[in-house]
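Along the sequence shown, residues carry numbers from 1.
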Amino acid sequence: MMKYLSAFCLILTMSLGALSVAVDEKPLADPVKEAQARELMKEIRCLVCQNQSIEDSNAELARDLRAIVRERIALGDSPDNVRAYLVDRYGDWVLLRPPVKTSTYFLWASPFLVVLIIALLLINRNRQAAAPAPLSDAEKEQLKALLEREP
């Protein structure tokens, strides 16, 4: 009995991943346009989840963005036009891979800056730890007395 219960729990756990995929009620009738819309949805960031695409997110805003993408594709807009529309509305942040341009230099450079700051802090910490404080006059006298007692 325990063996079957364990197998059931394992199957249930493995199938939970299928529940995390967003489901839309109304895909486009044209399979080519639906495929275009799906590919574009993989590139658009869910503004609620932030590190998920709108294709993977179940957030209400992601559903609205999916509807906008489908609507614009159905009207004949190219993926580039839809992408530009969303960027105009939400900024470069809406793209999972924002373009490198002057307004996004900090965004692209920030991981390197964080690593550089951490490296500088570690180097500075090691320098401070490596420099021992000089001995006081009393410590020098104690050391001299200890060394003179040694045979």
Side-chain angles (χ1 to χ4, degrees), residues 1-140:
M1 179 66 179
M2 194 64 156
K3 182 177 166 182
Y4 295 114
L5 183 61
S6 297
F8 175 73
C9 289
L10 179 65
I11 291 170
L12 183 64
T13 303
M14 291 175 60
S15 66
L16 287 177
L19 297 176
S20 67
V21 176
V23 176
D24 289 317
E25 299 80 30
K26 299 177 185 175
L28 295 174
D30 183 0
V32 173
K33 288 187 176 185
E34 178 65 21
Q36 274 184 331
R38 289 273 180 184
E39 283 303 310
L40 184 57
M41 289 176 201
K42 291 177 185 176
E43 300 174 18
I44 306 299
R45 180 187 315 273
C46 173
L47 300 173
V48 176
C49 307
Q50 295 185 0
N51 285 332
Q52 272 187 323
S53 70
I54 61 171
E55 183 184 42
D56 298 330
S57 175
N58 284 325
E60 204 168 310
L61 180 60
R63 285 188 186 129
D64 294 343
L65 289 172
R66 286 192 299 270
I68 290 170
V69 168
R70 281 198 173 101
E71 177 183 316
R72 307 274 308 185
I73 293 287
L75 291 173
D77 282 358
S78 71
D80 290 336
N81 288 347
V82 177
R83 196 177 297 111
Y85 172 80
L86 291 172
V87 168
D88 286 343
R89 197 164 188 190
Y90 298 103
D92 287 324
W93 175 251
V94 77
L95 301 175
L96 281 172
R97 292 187 191 107
V100 178
K101 56 185 183 181
T102 54
S103 63
T104 60
Y105 282 162
F106 181 74
L107 178 67
W108 283 100
S110 58
F112 302 108
L113 292 174
V114 169
V115 170
L116 179 67
I117 290 169
I118 291 172
L120 291 174
L121 289 174
L122 289 174
I123 289 170
N124 189 31
R125 182 176 165 198
N126 287 340
R127 281 187 190 161
Q128 289 175 353
L135 295 176
S136 67
D137 291 335
E139 291 172 330
K140 288 179 185 177

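Residues Ile73 and Asp30 fail the side-chain proximity criterion, which asks for heavy atoms closer than 4.5 Å. A 4.5 Å side-chain heavy-atom check between Leu120 and Asn124 finds every atom pair outside the cut-off. For the pair Asp80/Arg83, a side-chain contact is recorded, criterion being any heavy-atom separation below 4.5 Å from C-beta on. Side-chain atoms of Pro99 and Asp92, non-hydrogen and from C-beta on, do get closer than 4.5 Å to each other. No side-chain heavy atom of Arg70 sits under 4.5 Å from any side-chain heavy atom of Lys33. The side-chain heavy atoms of Leu86 and Arg72, taken from C-beta on, include no pair separated by under 4.5 Å. For the pair Tyr90 and Leu47, the minimum side-chain heavy-atom distance is below 4.5 Å.
For the pair Ser53 and Met41, the tightest heavy-atom approach, listed with the atom from each and the gap, is CB-O, 3.4 Å. Taking each heavy atom of Ala37 and Leu28 in turn, the nearest pair found is CB-CD1, 4.4 Å. In terms of heavy atoms, Arg45 sits closest to Asn51 at NH1-OD1, 3.7 Å. Looking at every heavy atom in both residues, Val48 comes nearest to Ala59 through CB-CB, 4.0 Å. The minimum heavy-atom distance linking Lys140 with Leu135 is given by the pair CE-O, 3.5 Å.
Within the model, atoms SG of Cys49 and CG of Asn58 stand 8.0 Å from one another, a figure rounded to the nearest 0.5 Å. How far NZ of Lys42 is from CG of Leu96: 12.0 Å, rounded to the nearest 0.5 Å. For the atom pair CD1 (Ile118) and CG (Leu113), the distance works out to 11.0 Å, reported to the nearest 0.5 Å. From Ile44, atom CD1 reaches atom CD of Glu39 across 12.0 Å, with rounding to the nearest 0.5 Å.
Contacts of Asp137 classified as salt bridge (Lys or Arg N to Asp or Glu O under 4.0 Å), with partners at least two apart in sequence or in another chain: none.
A salt bridge does not link Glu60 with Arg63: every distance from a Lys NZ or Arg NE/NH1/NH2 to an Asp or Glu carboxylate oxygen is 4.0 Å or more. A salt bridge does not link Arg97 with Glu43: none of the charged nitrogens is closer than 4.0 Å to a carboxylate oxygen.
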